[in-house]
Amino acid sequence: MSTAADDSTARAETHTFQAEVARLLDIVAHSLYSDKEIFLRELVSNASDACDKLRYEALTEPSLLDGDGELKITITPDAKKRTLTVADNGIGMSHDELVDNLGTIARSGTAAFVEQIGADGKGDSNLIGQFGVGFYAAFMVADKVTVTSRRAGASKAWQWQSDGKGSFDIAPADTDTPRGTTVMVHLAKGEKEFLEAPRLAHIVKTYSDHIAIPIELAGADGEPEQLNAASALWSRPRSEIDDEQYTEFYHHAGHLFDEPWLTLHNRVEGKIEYTNLLFVPSDRPFDLFQPERKTHVKLYVRRVFITDDCEDLLPAWLRFMRGIVDSEDLPLNISREMLQNNPVLAKIRSGLVKRTLGELKKKANKDPEGYAVFWDNFGAVLKEGLYEAADYHDDLLALARFRSTGQEGLTSLADYVARMAEGQEDIFYISGDSIDALAASPQLEAFRARNIDVLYMVDPVDEFWLPMIGEFEGKKFRSATRGNIDLDAIGTTAESDEKPEPAADNALSSLTALLKLTLADAVKDVRESNRLTDSAVCLVAGDDDMDMHIERLLRQHNQVDMAAKRILEINPRHPLIRRLADTVAAKGGEAADELGDVAWLLLDQARIIEGETPPDPAAFARRMTAVMAKGLAE
């Protein structure tokens, strides 16, 4: 880092933009996007955040507000200079913060935009409006942007400047620069509409009326005009708020730019008092599955912003929620340490969870198709609560939806139980990486033949909550890939389905014994299967063994050193198995050498069907070649 950060007399520094920023600015500069007014929404939103942060820091350090205690945002058009200035007296930025915040992609919306626009930059330019792209949206209308900032409590100020073409300069600013940040947009040719007061007033009223910080338009006569209501949107009655205002607040609070799928706005009064304005997004945020599992709901106390990183406000399995919670009971000077295990916060959290789950249940009943879209986006996250939150098991099981072998679309557990086959006592499921792969699993053949529905479990969290929950309405969850499942007493098969005769008992017993002997070091057992109808072989786990899919997941994360031995099941009615059984019966002990390679190929075939790689690909290829050569020679 240059020593300019420590020497106010230093010369200007030139920095290059982070690669993603340079790419983004190129997309913005060459976009044909028409709704450019969005840039003002983004600058005002950033200014509002800066004021909120200062108000919070001033709770413990009141001197930060000395000399300028009324927080506000001022918009100043200058027709002669062709500039539009958005200034705030908020927290401000230091030298390093200017470099970090304006030279790299820091906001989630911006990062998601760059990812979605496409590798070649030729994506839909309207995405700029959807994502806003934060501060960089200013370059949609500017040929140069100048940012002057002094951080609250600091004596030095800094000026950032760029034409958006690959680099930016930072130099010391005047020592009398006021606290806060001033963004001066030097408007490009053809953008003079953003110098017109009525146009600016309309933009602010449309996008930023909900912001609680006063937004003023500097007038030519020196008298400022306040453009927004400057009252917290969540404190207003719901009857006074329309869908457009809710949507714009969602964009501002959540830094997302889709439409909210569900809005929860209510005030709780009683022993504790709080207001919540929460949203469920329509689309899946890009950071939903990041390891931090961070929630994104802001905490206010009596309309004063406290933090946007309160882990105890909502559980991680509701981290898709966006919005705010405003408490009347927490102290204004509450610290992060005080928030932990705070009884008031615990009651707020409980109330928020119950209301959210209740509203989701209503949506599931009233709009099953819309709920299906929600579940595809956030079901995997919501199911984390089945593993983590015992108090909400019943609510979450009622909300859970699954795809299955027996019907199109999603099914609830209650619907599954209602249509269980005659004689069925368990809820059968099969777990894996994808529905397409599971649908082709040989372990489902007998279930399909007998019209027994099997649930697909394709989310990693399924492997953790299933053994913990155990059952639903008295019906146990049972893996279709585990143990010796007897389906003879369950369901019905079509009368026209004529099964081929199985191999003779003595011949099958001899083949089974030979396979056990040959594969003794690789399998736990070899036995006749009653779950196969079309395939020759499959692998299953013993009743006391770990499920094969979860073992595979643990091996991928180096949590398990080696694969456990599985049971190899053979289909006594399959032509290949019948032929092998006849060969063993005819040749007796001589068949052991002749069928050794075939035995290992059967095992590798079962592994491949399960999505596994043969442990010795070279041996697999050699055996396959030998068997094929022998077959062609006969």
If we only count heavy atoms from C-beta on, is the Tyr246 to Leu277 side-chain gap below 4.5 Å?
-> yes
Output every pair passing ring pair (Phe, Tyr, Trp, His ring centres under 6.0 Å) with a member in residues 438-459, not counting sequence neighbours, ordered by first then second residue.
-> Phe428-Phe447
Salt bridge or not for Asp49 and Lys298, using N-O below 4.0 Å?
-> yes
Can you sort out the partners of Asp395 under side-chain contact (heavy atoms from CB on, under 4.5 Å), two or more places apart, ordered by chain and number?
-> Leu357, Tyr392
What residues form a side chain to side chain donor-acceptor pair (under 3.5 Å) with Tyr300, not counting sequence neighbours?
-> Asp52
Below 4.5 Å, heavy atoms only, C-beta onward: do Phe402 and Leu413 meet side chain to side chain?
-> yes
Do Glu388 and Arg293 meet the salt-bridge criterion of a basic N to acidic O distance under 4.0 Å?
-> yes
Who pairs with Phe374 by ring-ring contact (aromatic ring centres under 6.0 Å, His included), at least two apart in sequence or on another chain?
-> Trp261, Phe320, Tyr371, Phe378
Give a yes or no on this: more than 12 heavy atoms of other residues, nucleotides or ligands lie within 6.0 Å of atom CG of Asn365.
-> yes
Contacts of type side-chain contact (heavy atoms from CB on, under 4.5 Å), residue Val268, not counting sequence neighbours = Asn266, Tyr274
Within residues 343-363 or reaching into it, pairs that qualify as ring pair (Phe, Tyr, Trp, His ring centres under 6.0 Å) - sequence neighbours excluded | none
Name all pairs fulfilling the salt bridge (charged side-chain N to carboxylate O under 4.0 Å, His left out) condition that reach into residues 268-279, sequence neighbours left out, sorted by first residue then second.
-> Arg267-Glu269, Arg267-Glu273
Partner residues of Arg403 under the side chain to side chain donor-acceptor pair (under 3.5 Å) criterion, sequence neighbours left out = Asp376
Do other residues, nucleotides or ligands put more than 12 heavy atoms under 6.0 Å from Arg355 CZ?
-> no
Below 3.5 Å, can you tabulate the donor-acceptor pairs from side chains in residues 469-477 to any protein atom, sequence neighbours excluded?
none

Do Arg527 and Thr512 have side-chain heavy atoms sitting under 4.5 Å apart?
-> no
With sequence neighbours excluded, tell me which residues meet side chain to side chain donor-acceptor pair (under 3.5 Å) with Trp317.
-> none
Taking the side chain as every heavy atom from C-beta outward, state whether Ser45 and His251 have any atom pair closer than 4.5 Å.
-> no
Listed by chain and number, what are the side chain to side chain donor-acceptor pair (under 3.5 Å) partners of Ser529, not counting sequence neighbours?
-> Glu569
Please indicate whether Glu240 has more than 12 foreign heavy atoms, meaning atoms of other residues, nucleotides or ligands, lying under 6.0 Å from its CD.
-> yes
Taking the side chain as every heavy atom from C-beta outward, state whether Phe249 and Arg322 have any atom pair closer than 4.5 Å.
-> no
Kindly indicate whether the side chain of Arg302, heavy atoms from C-beta on, has any atom under 4.5 Å from the side chain of Glu328.
-> yes
State, with a plain yes or no, whether a side-chain heavy atom of Phe464 is found less than 4.5 Å away from one of Lys383.
-> no
Is the shortest heavy-atom distance from the side chain of Leu539 to the side chain of Leu603 under 4.5 Å?
-> yes
Check: Ser404/Asp453 side-chain N/O donor and acceptor closer than 3.5 Å | yes
Please list all pairs passing the salt bridge (charged side-chain N to carboxylate O under 4.0 Å, His left out) test where one or both residues lie in residues 360-375, with sequence neighbours left out.
-> Glu359-Lys362
